[in-house]
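Since the structure comes first, as structure tokens, the remarks are kept for the end.
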Amino acid sequence: MFAVELAFTPAPERLAARPAHRETLARLHRDGHLAAAGPWADDSGALLLFTVDRARLDEILREDPYYHRTPGVEVRSVREWTPVVGPAPISPAPLPDAGVPSPPTPM
């Protein structure tokens, strides 16, 4: 799984390109390639969580002009992320045993 962080400026071109970009995100989500995406509350950027390998992510970023040709949009980081809890972790790792006993089972 990969986390992509974007930074935004209030460029009018970004706002004009946003509807087509969001249609692409909706398709990627329907196809199972995108777990979640959305802007920061202050609209200074966005976070996207992709469920693809790095090669496919590079294709996605290359195919959508929003990421590389739209004024006001900058890809700040692309980082591999390994969730351990959530709706669908890619490869769940066992949680370390902290030596805390399990709660008693009801009788």
Side-chain angles (χ1 to χ4, degrees):
M1 183 173 274
F2 285 88
V4 175
E5 183 180 0
L6 305 179
F8 297 153
T9 67
E13 297 90 344
R14 176 182 71 85
L15 299 175
R18 187 165 55 186
H21 171 65
R22 286 187 173 177
E23 287 180 24
T24 299
L25 294 178
R27 178 181 48 78
L28 290 167
H29 185 262
R30 272 192 315 272
D31 293 347
H33 301 292
L34 180 66
W40 302 126
D42 64 1
D43 205 35
S44 64
L47 180 67
L48 302 94
L49 299 175
F50 289 92
T51 59
V52 296
D53 64 19
R54 183 59 194 246
R56 178 63 181 123
L57 176 61
D58 289 343
E59 288 176 13
I60 290 168
L61 296 177
R62 196 171 39 251
E63 291 169 358
D64 187 342
Y66 190 78
Y67 299 111
H68 55 89
R69 288 195 303 244
T70 302
V73 177
E74 175 190 349
V75 177
R76 278 276 168 91
S77 68
V78 176
R79 298 187 63 172
E80 191 164 9
W81 182 55
T82 305
V84 294
V85 296
I90 298 304
S91 57
L95 295 174
D97 181 5
V100 177
S102 300
T105 52
M107 296 184 155

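Index from 1, following the sequence.
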I need the minimum non-hydrogen distance between [X] and [Y], along with the two atoms involved.
X: Gly72; Y: Ala11; answer: CA-CB, 3.8 Å
X: Ser44; Y: Asp42; answer: OG-OD1, 2.7 Å
X: Pro65; Y: Thr70; answer: O-OG1, 3.3 Å

Quiz item: Within a radius of less than 6.0 Å around CZ of Arg76, do more than 12 heavy atoms belonging to other residues, nucleotides or ligands occur?
Solution: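 Open.
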Is [Y] reachable from [X] through a run of hydrophobic residues whose side-chain heavy atoms are each under 4.5 Å from the next?
X: Tyr67; Y: Leu57; result: yes
X: Leu6; Y: Val52; result: yes
X: Leu47; Y: Val75; result: no

Can you confirm whether [X] sits close enough to [Y] that some side-chain heavy atom of one is under 4.5 Å from a side-chain heavy atom of the other?
X: Phe8; Y: Val73; answer: yes
X: Glu5; Y: Trp40; answer: yes
X: Leu61; Y: His68; answer: no

Quiz item: Between the side chain of Arg14 and the main-chain N/O of Thr9, is any donor-acceptor distance below 3.5 Å?
Solution: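 At least one qualifying donor-acceptor pair exists.
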Atom pair [atom1] ([X]) and [atom2] ([Y]), whose distance is rounded to the nearest 0.5 Å:
X: Met1; Y: Asp53; atom1: CE; atom2: CG; result: 13.0 Å
X: Arg27; Y: Leu34; atom1: CZ; atom2: CG; result: 10.5 Å
X: Leu25; Y: Ile60; atom1: CG; atom2: CD1; result: 9.5 Å

Quiz prompt | Basic-acidic side-chain contact under 4.0 Å: Arg56, Glu63 | solution =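 Counted as a salt bridge, because a side-chain N and a carboxylate O are separated by less than 4.0 Å.
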